[in-house]
Structure formats: structure tokens, C-alpha cells
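These notes concern the structure reproduced below.
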Amino acid sequence: MGRIIHLDRNMVNLIAAGEVIERPASVVKELVENSIDAGATEVMVAAEDGGRKLLSITDNGSGMDAEDLAAAFESHATSKIKEVADLQNIATLGFRGEALASIAAIARVRAVSRMRDSDQAHCIEIDCGDGSPVSPCSGDFGTTIQVRDLFYRTPARRKFLRTANTELGHISEQFARIALPQIHLDLTLIHNGKELHRLPRTESLQQRVSQLFPMLISGPGDLIETASDEKGVRIRALLGRPHVSRTSNQFQYTFLNGRFIRDKFISHAIKEAYRGLLDANRFPVVFLFMEMPCSDYDVNVHPTKVEVRFYNANLVHSQVLGVLREQLLGTDLNAVAQLPAQELAQAGDDSASQQVRRQQIADAMAEFFKKHRPAHQQQFDLRPESGSEPRGPEHKRTVSDTPRPAPSPQLEDNKYIQIHDSYIVEQTDEGFVIIDQHALHERMLYETLHRRLQRDSLESQRLLLPESFEVTDAQAGAIEAHTDLLTQLGVELTPFGPRVYAVQTFPTLLANVGPVEFVRDLIDMLVERGDTVARQDLFNDILSMAACKAAIKAGQRLSDSEIRELLADRKRFESTTRCPHGRPTTIAFSISELEKQFKRT
Ligand code: ADP
Ligand code: MG
């Protein structure tokens with residue numbers, strides 16, 4: 001009895017602070033968001049000792065008058081929403097009216113503010129909840145809020161702060177999350193008096209990215225820009241080419257109406273968009289900016305608003321996947337082989353990893369030519385059409401002997417040879433490419449299967465003689481549980497006795513694979529992963545397996561017409577530069593690089 005009491009105002013704020021303010025970086029986030037909401041065009045963030053000693057945020061926004069300055073630090077004090085209906089339509093970054101009260105409950109805070117049309121600034125000081133009255137002082141237009149000694153009276157929380165460097169890392173990360181979507185904002189970050197970032201306002205997203213992450217990209221073409229505006233979802237994105245991929249997803253930034261968010265539907269869509277373009281353990285670099293009506297999602301589901309709830313998550317997923325995938329498949333992502341020498345010499349401003357990569361390519365090339373020196377005296381013309389000197393017919397060996405009509409390079413004009421029954425070397429306008437015949441064919445089969453499956457189930461043919469095979473109970477269970485999936489794949493299995501099934505129909509596209517062999521592997525997959533992974537992932541795995549089995553093998557000698565068919569088939573696909581497992585199918589060598597190597601230029 002009498003055990004329940006009402007917590008006083010300061011306790012309430014302290015508890016709220018526990019949710020919103022985890023570390024100095026959280027203060028930076030809240031205060032800079034306030035500056036943006038106040039219409040600032042310039043914001044400066046200064047920190048000392050990783051923000052543990054001091055954080056100071058200065059803006060040139062609207063400012064506050066004496067009354068608002070006092071009110072701003074009250075809990076649940078906000079100018080951004082008034083009634084329940086406003087919650088459905090939040091266009092500002094803040095709205096809960098908690099941040100300033102929380103911060104003032106756990107640190108020494110001093111705020112100075114002056115409105116644009118006022119000749120007087122005001123200031124207020126609050127020490128862990130104990131506030132002084134607002135008093136006039138001198139100050140510029142806008143607002144400066146200084147936060148000292150975060151958590152100094154809550155040692156349990158202070159203990160969780162890490163070294164200055166680690167905290168600074170978190171601050172920089174927050175800074176980046178704000179700077180990326182706000183390219184029109186002039187932003188500065190200072191630590192211990194040293195300027196770490198000075199980001200002048202810009203019109204270019206690419207520029208903002210390279211201002212923030214100079215180490216991430218080595219050239220202007222490393223990020224592919226794309227945009228779309230469909231079904232109420234506006235998307236703008238910078239997509240890293242496969243070679244700028246990372247070992248973690250830390251360079252995947254997604255924003256919704258200017259707010260950094262983390263969302264599993266979007267992450268999945270990004271992963272899907274790069275399917276087949278990257279090795280399994282690599283993560284693409286992606287900057288994705290989405291705009292949607294505020295009424296299409298709920299931002300009030302997470303204390304720091306880093307997660308939102310979409311009312312139509314499927315739409316978001318398919319829009320993101322659609323625009324990214326289309327752009328990636330429509331872009332030439334060929335791995336361009338760089339030759340060493342000059343390239344390396346002038347690599348002064350390149351990151352070490354770039355140099356290592358170049359060296360690896362150079363080594364791989366040298367190795368390749370050591371191993372794959374054509375056995376027969378086959379020659380192929382490496383000079384581009386325009387610059388080629390006339391040569392006698394005895395020097396030419398084009399596999400197809402059609403005469404050479406200028407100027408549009410039809411496939412028939414191109415020269416190619418198969419080497420080691422595994423690779424096709426093909427002349428191109430720019431130089432030549434080396435194609436891994438298995439990987440290329442696999443890629444094309446995979447895309448074909450995928451496209452068909454997206455439209456409909458796979459076309460199948462009925463076997464003249466059903467082929468039977470034995471199964472375990474678990475396998476029989478998996479077959480029964482996945483009949484609709486099997487139907488979609490064009491595989492019909494009928495029970496043929498105890499623990500025996502027969503393959504009745506089989507996908508036409510896989511005609512050269514043994515039906516039983518394929519179906520057995522398929523069932524193994526269903527048993528292993530059928531219930532644990534999303535259907536889409538399961539399909540992807542099945543299709544890669546199928547494409548791998550049905551594709552031309554390495555070591556398989558191809559006839560002229562087979563090579564021609566394989567090369568011509570490429571035209572039907574937007575992107576064939578990597579196999580479904582993410583390995584390259586094609587490596588390009590440019591004639592200009594060769595000429596440099598042979599000292600012809
Ligand atoms: P919220 O941002 O959720 O409204 P805050 O506690 O962060 O809550 O801020 C309270 C109020 O103080 C804001 O609604 C705004 O009116 C005012 N305010 C805060 N920071 C600034 C600023 N830098 N410039 C102008 N007004 C500000
Ligand atoms: Mg706020």
C-alpha cells in the first residue's frame with residue numbers, strides 16, 4: 001500500500017534519455033536534426049574528447065525566442081505536432097519533444113538562440129535537470145547548443161562510453177547519415193579543434209559521397225546513378241560496381257524522406273538486385289534515397305526512429321528491386337583488366353587495396369597466358385578495324401570466313417578462338433575479351449530460367465518412359481510438401497510404389513541433364529533448406545544448380561557453330577558478365593593497354 005508513487009519530472013526525463021541518448025553520437029543526431037527542422041542551411045558540429053567532454057552544435061536556423069527557449073527543454077515540448085492526426089503525417093525529423101529534455105537531464109547544457117528578426121539573443125543553462133531562468137545574452141542568428149560532460153551524474157551510463165576514438169567513430173557515422181541526404185546543407189565536423197569534414201552545400205550526390213568517403217571509390221564511374229518515380233515511391237540511388245564491394249554491409253545507406261533507416265525489406269531487395277553479380281560473401285556499396293508520402297508508413301515505432309513500418313512493404317521491396325536490378329543489368333559491368341607498369345606507377349593516390357587488386361589482375365593475366373598459350377598456330381587480329389594495317393590472308397585466321405563488311409561490327413566480323421576447350425577469346429572493338437564458356441552459358445541459362453519462372457511455370461516435356469527412383473521418408477515428405485514448387489519448375493513426380501517416385505515431366509530447358517540426377521539434387525535441397533529459407537532464395541538456389549548442370553562444361557570442345565551460337569545468344573541478355581555464383585564470365589583487355597605494354601604508344 002502506498003508503494004506506487006509518481007516519478008518526478010527529472011526521473012521521467014532520465015528514463016526517456018536512456019532510450020534516446022545512448023552516447024555522444026545520439027546527441028549529435030538529435031541536435032542536428034533539430035537544426036534541420038529549424039530550416040538551417042549551415043550546421044557546425046564540434047566535439048572534444050569524442051564528445052564525452054563537449055559537444056557543440058551551431059546552426060543558422062529559425063532560432064527561438066525567450067519563451068520557446070525555456071519551453072524547448074520541457075519534456076514532451078514540441079512545435080512539430082499538435083494532434084493525433086499530425087502523427088500520421090510527420091514531415092519533420094523530430095516530433096516527440098523528448099530530445100532536449102532528455103539531454104538536459106543527463107549533462108550540463110547551455111543553449112543560446114536568436115530569432116532571425118530579433119536583435120536580442122537569449123540563453124539558458126541546465127545542469128542535469130536543474131535549469132536557470134532564461135536571460136538575454138549576445139549571440140548570432142540561429143541556435144548554439146553545448147552539451148558538456150555527458151552522463152557525468154549517471155556513472156553507470158558513463159561507464160558504457162568507449163574511448164574517444166570509438167565515440168568519434170560513432171559521431172562521424174551519424175554525421176554521414178545526416179550529410180548524405182542533406183546535400184544542400186553546409187556541414188562541418190570538428191574534433192579537438194581540428195576540422196575533420198567540411199562539406200559545402202552541393203547539387204551532386206556523387207560529390208557528397210566522395211566528400212564523405214574518399215577511400216570508398218577510386219573513379220567517377222565506380223558508382224552508377226539511377227532513379228525512378230513510380231507507384232508513389234520515388235527512388236534515387238548510387239550503386240557501387242561489383243569491384244567496389246565490401247566484406248560487410250556497412251556501406252549500404254538507405255534513407256526515407258531524408259531520414260536514415262534500416263529496413264529488412266530494403267536490404268533484401270538490394271541483395272536480390274545484386275544476385276549473381278557478386279561473390280556470396282561480398283556486400284555491395286549502395287546509397288539509396290527513397291521518398292514516399294508520410295502517410296504510407298509509420299515512423300513512430302522505434303525510439304531513435306531508425307526503423308519504420310511500411311504499410312505496403314511488398315511494394316517498397318518490388319520497387320527497390322526493380323529499379324536497382326534493371327539498372328545493374330543494363331550496365332556494362334565487365335571486369336576490365338588493368339595491365340601493370342604505367343598504371344601502377346601513377347597509382348599514387350590510390351588506396352593500397354586498389355593496388356593490390358591491380359597486381360592480382362596482372363598476375364592472373366600473366367599466369368593465364370603462361371597456361372593457356374594456344375597450342376596450334378592460331379592467330380587473331382588484335383588491331384581495331386580502323387587502325388589495322390593490311391595483312392596478307394595467310395596471317396588471318398578468322399574462324400568464320402565471311403568477308404568483312406565495314407563498319408558496324410557484326411558478330412560474324414569478330415574473331416574468336418576456343419582455347420583449352422574451356423575459354424573463348426574474342427576480338428572486340430576495344431581489344432579482346434576472354435570468356436569462360438561454362439560461366440557464360442551458365443549465366444544465360446540462369447537468366448532464362450529466371451525470366452520464364454517470373455512469368456509462369458517452366459515449360460516441361462513428358463518423358464516417354466517415366467524414370468523412377470527411390471527416396472527416404474524425409475525426401476518423400478519434402479516432395480509432398482513442395483508439390484506446387486515442383487509444378488512451377490515443370491517437374492511432375494508420381495508415387496510408384498513404397499518409397500519410389502517416377503519423374504513424369506521435366507523442364508525443356510534442362511533437356512541435356514539427366515532427369516533423375518537433377519530431381520535427386522532438387523529434393524536434397526528441399527529437404528535441407530525447404531522450410532528454412534524464403535521461397536525466392538530457394539528458387540534462386542535451385543535455378544543456379546540447374547543452370548550449372550545444364551551449361552556447357554569446361555573442357556568441352558565446341559564447334560564453330562556452337563561458339564557462334566553461344567556468343568550470339570549474349571545479345572538476348574542485358575548482363576552476362578558474371579555467373580550466378582558471382583564469378584566473372586568475361587574479362588576484357590583493352591587494345592590501348594596492350595599498345596602501352598608493347599610500347600607502341
Ligand atoms: P522535437 O524535435 O521532437 O520537437 P526536441 O526536444 O528535440 O523535440 O525540441 C523541442 C523543440 O525545440 C522543437 O520542437 C523546436 O521547436 C525547438 N528547437 C529545438 N532545437 C532547435 C533549433 N536548433 N532551432 C530552433 N528551434 C529548436
Ligand atoms: Mg528534436
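Start at 1 and go down the list; that is how both ligands and their atoms are numbered.
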| query | What's the spacing between Lys29 NZ and Ile178 CD1 if we round to 0.5 Å? | reply | 7.5 Å

| said: Using a 4.0 Å cut-off to any heavy atom of Ser62, which atoms of ligand 1 qualify? | reply: 25 (C)

| field | His6, NE2: over 12 other non-hydrogen atoms inside 6.0 angstrom | value | no

| Taking atom 20 (N) of ligand 1 as the reference point, the nearest protein heavy atom with its distance | Asn34 CB, 3.3 Å

| Which protein N, O or S atoms lie under 2.8 Å from the Mg ion (ligand 2)? | Asn34 OD1

| query | Taking atom CD of Glu326 as the centre, does the number of heavy atoms from other residues, nucleotides or ligands within less than 6.0 Å exceed 12? | reply | no

| Which of the ligand 1 atoms, numbered from 1, are nearer than 4.0 Å to a heavy atom of Ser79 | 13 (C), 14 (O), 15 (C), 16 (O)

| note | Pro181 and Ala176 have their tightest heavy-atom pair at CD-O, 4.5 Å

| query | Has ligand 1 got any nitrogen or oxygen that is less than 3.5 angstrom from a nitrogen or oxygen of Ala99? | reply | yes

| query | In ligand 1, which numbered atoms sit nearer than 4.0 Å to a non-hydrogen atom of Glu98? | reply | 6 (O), 8 (O)

| task | Could you tell me the residue and atom name of the protein heavy atom closest to atom 25 (C) of ligand 1, and the distance to it rounded to 0.1 Å? | result | Ala38 CB, 3.5 Å

| task | Output yes when Asp127 and Arg108 qualify as a salt bridge under the 4.0 Å nitrogen-oxygen rule, no when they do not. | result | yes

| remark: Only residue of Leu238, Ile183, Asp222 satisfying side-chain contact (heavy atoms from CB on, under 4.5 Å) with Gln206 is Leu238

| said: Is it the case that over 12 heavy atoms from other parts of the model lie below 6.0 angstrom from the NZ atom of Lys80? | reply: yes

| task | From the options Ser75, Ser35, Gly97, Ala77, select the one whose nearest heavy atom is closest to atom 10 (C) of ligand 1. | result | Ala77

| task | Establish, for the pair Arg114 and Phe141, whether the NZ or CZ atom is under 6.0 angstrom from the six-membered ring centre and no further than 45 degrees off its axis. | result | yes

| message | Other residues, nucleotides and ligands only: do more than 12 of their heavy atoms fall within 6.0 Å of CZ on Arg451? | response | yes

| field | Separation between OG of Ser35 and CD of Glu30, rounded to the nearest 0.5 Å | value | 11.5 Å

| Has ligand 1 got any nitrogen or oxygen that is less than 3.5 angstrom from a nitrogen or oxygen of Phe95? | yes

| Close N or O approach (Ile145, ligand 1; < 3.5 Å) | no

| request: Find out whether the Lys NZ or Arg CZ of Arg23 is both under 6.0 angstrom from the six-membered ring centre of Phe160 and within 45° of the ring's axis. | output: no

| said: Considering both backbone and side-chain atoms of Asp37, is one of its nitrogen or oxygen atoms within less than 3.5 Å of a nitrogen or oxygen in ligand 1? | reply: no

| message | At less than 4.0 angstrom from any non-hydrogen atom of Arg96, what atoms of ligand 1 do you find? | response | 3 (O)

| note | Note: Asp59, heavy atoms under 4.0 Å from ligand 1, region reported as side chain

| message | Side chains of Arg535 and Gln488: any donor to acceptor distance under 3.5 Å? | response | yes

| Is it the side chain (CB and beyond), the backbone, both or neither of Thr143 that lies under 4.0 Å from ligand 1, heavy atoms counted? | side chain

| atom 6 (O) of ligand 1: nearest protein contact (heavy atom, Å) | Leu100 N, 2.9 Å

| query | Is the shortest distance from a heavy atom of Gly61 to ligand 1 less than 4.0 Å? | reply | no

| query | Relative to each other, are the rings of Phe213 and Phe251 parallel, tilted or perpendicular (30° and 60° limits)? | reply | perpendicular

| task | Give the atoms of ligand 1, by number and element, whose distance to some non-hydrogen atom of Gly94 is under 4.0 Å. | result | 2 (O), 3 (O)

| query | Where is the nearest protein heavy atom to atom 2 (O) of ligand 1: which residue, which atom, and how far? | reply | Lys80 NZ, 2.7 Å

| said: How far is atom 27 (C) of ligand 1 from the closest protein heavy atom, and which atom is that? | reply: Met64 CE, 3.5 Å

| field | Numbered atoms of ligand 1 (with element) below 4.0 Å of Thr78, judged on heavy atoms | value | 1 (P), 4 (O), 14 (O)

| Protein contact of atom 12 (O) of ligand 1 - nearest heavy atom, named by residue and atom, plus distance | Ala72 CB, 3.3 Å

| request: If the plane angle is over 60° it's perpendicular, under 30° parallel, otherwise tilted; pick one for Phe260 and Phe255. | output: perpendicular

| task | Looking only at non-hydrogen atoms, find the nearest pair between Leu199 and Leu212 and report the distance. | result | CD1-CD2, 4.0 Å

| field | Heavy-atom side-chain proximity of Gln252 to Ile270 below 4.5 angstrom | value | yes

